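For reference, the structure is listed below as structure tokens.
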Amino acid sequence: MPKDIGSMFENEISEELAAFGEPSYRAAQVFKWVQSGVKSFDEMTNVSKKLRKKLVENYYLSSAAIEKKLISDYDGTRKYLLSFHDGEAVESVLMQYHHGYTSCISTQVGCKMGCTFCATGKSGFSRNLTASEMLAQLRAEQEDAGIRISNIVLMGMGEPLDNFDNVVRFLKLVGDDKGLNIGMRHISLSTCGIVPKIYELADMKLQLTLSVSLHAPNDQIRSRTMPINRKYGIGELLKACRYYIDQTGRRISFEYAMIDGVNDSSANAQELASKLKGMLCHVNLIPVNTVGGTGYQKSRMDRIKSFIAVLERAGITATVRRTLGSDINASCGQLRRSYIKEEGSE
Ligand code: SAH
Ligand code: SF4
């Protein structure tokens, strides 16, 4: 079985090459080629033919092929369906902000968490992505759009903390100056709240931004829309968030999808405010994206405004997230769902 060389650190490649009797400086060269995104080992022009042959026999290079692409007429947001060597496909979204390009990538094919409002949650789970497959999404986008990505959000398909080791490996590789060189301060990781993994991440003291998908002010509502809450309730989750802030000094961003009649009343806002009071945090309100079959509708704008007003009176900053690419269903999971339907016999 060929090994995934694109997910290896330089020292790991060094150990591999030592087994072939290669000097250690070769590892630096090979690592640099791999992280620069070469598509074949033959492109490694300063590596001997003999070693290239060994590499071809023992390793593979991940790539992401564009299966579908949608470009928003409003704001140029690009949404991609990208497939890997085994035919599995995920979504990535490339957005342009005034400060540069942000890519929203996937960390798993599907998701096990089953949140009721989420298109990804509805289509089940196939497998974890490797670090090199996360990197391949970024490279495919850069190449297609002819741009350089400056910011990354792990908010595509999948629950990053349910694929912890591969995600941490990705975070380290993407920050390497021989590779894409995108530092932790330019990366956000969004989680539905896998509490033990939040502690583990906090102890690593990375300078990334943690986004927590809260979406409800109490266990009763949250357990109804997010099954993970039956395992780790809001009290436990917020305790882990406080620990994260203490360890890293970083502000947490709470995501809150506004669902008409479910979690958007002033009483809900008050309850949320009382729980978040005094925390180094920001609340992002997102009018829920209607996904077929869920029966959920977006909250009315006046409800969203009063919700914000309640939070602000309690000293908690809140904004409504600007929705980019709304004409192309840019929220993740929806493009893959339609693709699976087309591929199947339905
Ligand atoms: N699994 C992680 C990251 C991927 S989901 C998480 O849940 O945080 C990225 C974000 O999109 C999360 O905040 C998620 O709650 C939100 N989301 C999912 N479906 C949505 C929908 N239909 N409308 C609005 N936000 C949604
Ligand atoms: Fe998974 Fe996040 Fe969707 Fe929940 S919201 S099902 S955790 S991808």
Side-chain angles (χ1 to χ4, degrees), residues 79 90-93 95 102-129 134 137 152-164 166-167 170 187-195 197-198 201 208-216 221-232 237 240-241 244 252-260 262-264 281-299 304 319-326 328-338:
K79 178 162 181 167
V90 298
E91 296 177 17
S92 309
V93 181
M95 297 158 284
T102 296
S103 171
C104 173
I105 62 165
S106 295
T107 55
Q108 296 180 312
V109 185
C111 184
K112 297 177 205 154
M113 301 298 139
C115 304
T116 58
F117 44 79
C118 173
T120 303
K122 289 196 160 297
S123 49
F125 175 78
S126 295
R127 66 171 175 88
N128 281 329
L129 293 187
M134 295 173 218
Q137 295 171 59
I152 302 167
V153 295
L154 302 183
M155 284 197 188
M157 299 170 59
E159 167 50 47
L161 298 188
D162 185 42
N163 185 15
F164 193 86
N166 289 331
V167 164
F170 161 78
I187 303 177
S188 295
L189 182 155
S190 178
T191 179
C192 66
I194 301 184
V195 165
K197 295 293 174 188
I198 294 177
L201 192 67
L208 53 78
T209 299
L210 185 66
S211 272
V212 174
S213 300
L214 202 55
H215 304 320
I221 301 175
R222 197 165 191 266
S223 292
R224 230 166 54 210
T225 53
M226 301 183 70
I228 188 74
N229 196 70
R230 292 174 212 149
K231 196 158 178 193
Y232 310 109
L237 173 57
C241 290
Y244 187 90
I252 287 190
S253 167
F254 289 107
E255 307 296 310
Y256 196 102
M258 296 288 285
I259 313 175
D260 183 46
V262 173
N263 62 0
D264 64 345
C281 71
H282 179 86
V283 176
N284 252 321
L285 299 172
I286 314 133
V288 76
N289 234 292
T290 310
V291 170
T294 60
Y296 295 134
Q297 297 298 327
K298 284 182 175 48
S299 301
I304 298 181
T319 43
V320 182
R321 188 196 284 160
R322 186 160 70 107
T323 47
L324 289 176
S326 51
I328 55 167
N329 280 339
S331 88
C332 268
Q334 299 180 12
L335 186 62
R336 176 165 173 270
R337 263 187 112 195
S338 61

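What you see is a predicted model, and the numbers here were worked out from it, not measured in a lab. Atoms within each ligand, like the ligands themselves, are counted from 1 in listed order.
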* Is a side-chain N or O of Asn163 found less than 3.5 angstrom from the main chain of Thr107, in a donor-acceptor match? ->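 Yes, because the side chain of Asn163 sits within donor-acceptor range (under 3.5 Å) of the backbone of Thr107.
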
* To do: Check for a donor-acceptor pair, side chain of Ser106 on one end and backbone N or O of Gln108 on the other, with a separation under 3.5 Å.
  =>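 Checking the backbone N and O of Gln108 against the side chain of Ser106, no donor-acceptor pair under 3.5 Å is found.
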
* Asked: Nearest protein heavy-atom contact for atom 1 (Fe) of ligand 2: which residue, which atom, what distance?
  ->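 So the nearest neighbour among protein heavy atoms is Cys111 SG, 2.3 Å.
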
Pick, from [options], the option with the minimum heavy-atom distance to [atom].
atom                    : options                : result
atom 8 (S) of ligand 2  : Gly158, Gly121, Ala119 : Gly158
atom 16 (C) of ligand 1 : Met155, Lys298, His215 : His215
atom 3 (C) of ligand 1  : Ser190, Ser106, Cys104 : Ser190

Subset of ligand 1 atoms that lie under 4.0 Å from at least one heavy atom of [X]:
X      : value
Val291 : 22 (N)
Gly158 : 1 (N), 2 (C), 3 (C), 4 (C)
Glu255 : 13 (O)
Thr191 : 6 (C), 8 (O)

* Verify atom 3 (Fe) of ligand 2: protein non-hydrogen atom under 4.0 angstrom away ->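 True for atom 3 (Fe) of ligand 2.
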
* N or O pair under 3.5 Å between Ser213 and ligand 1 ->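 Yes; the residue has a nitrogen or oxygen that sits under 3.5 Å from a nitrogen or oxygen of the ligand.
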
* Asked: Is any N or O atom of Phe117, backbone or side chain, closer than 3.5 Å to an N or O atom of ligand 1?
  ->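 Yes; at least one N/O pair falls below 3.5 Å.
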
* Proximal atoms of ligand 2 relative to Met113 (non-hydrogen, under 4.0 Å) ->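 Ligand 2 atoms under the 4.0 Å threshold to Met113: 1 (Fe), 7 (S).
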
* Asked: What atoms of ligand 2 come closer than 4.0 angstrom to any heavy atom of Cys192?
  ->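 Counting from 1, the qualifying ligand atoms are 7 (S).
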
* Hey, is there an N, O or S on Cys118 sitting under 2.8 Å from atom 3 (Fe) of ligand 2? ->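 An N, O or S atom of Cys118 is closer than 2.8 Å to atom 3 (Fe) of ligand 2, so yes.
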
For the atom pair [atom1] ([X]) and [atom2] ([Y]), what is the distance rounded to the nearest 0.5 Å?
X      : Y      : atom1 : atom2 : value
Ile228 : Asp162 : CD1   : CG    : 8.0 Å
Ser126 : Met157 : OG    : CE    : 8.0 Å
Cys118 : Tyr296 : SG    : OH    : 11.5 Å
Leu129 : Ile105 : CG    : CD1   : 8.5 Å
Ser211 : Phe254 : OG    : CZ    : 9.5 Å

* For ligand 2, note which part of Cys115 has a heavy atom under 4.0 Å away: side chain, backbone, both or neither. =>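 For Cys115, the contact with ligand 2 is made by both the backbone and the side chain.
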
* Strictly under 4.0 Å, does any heavy atom of Ala119 approach an atom of ligand 1? ->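 Distance cut 4.0 Å: Ala119 fails for ligand 1.
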
* To do: Mind telling me whether His215 and Tyr256 have parallel, tilted or perpendicular rings, with 30° and 60° as the class edges?
  =>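 Judged by the thresholds at 30° and 60°, the geometry between Tyr256 and His215 is perpendicular.
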
* Exercise: identify the closest heavy-atom pair between Arg222 and Ser213 ->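 Residues Arg222 and Ser213, closest heavy atoms: NH2-O, 2.7 Å.
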
* **side-chain contact (heavy atoms from CB on, under 4.5 Å), paired with Ile304, selected from Ile286, Leu285, Asp264** =>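 Of Ile286, Leu285, Asp264, side-chain contact (heavy atoms from CB on, under 4.5 Å) with Ile304 is met by Leu285 alone.
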
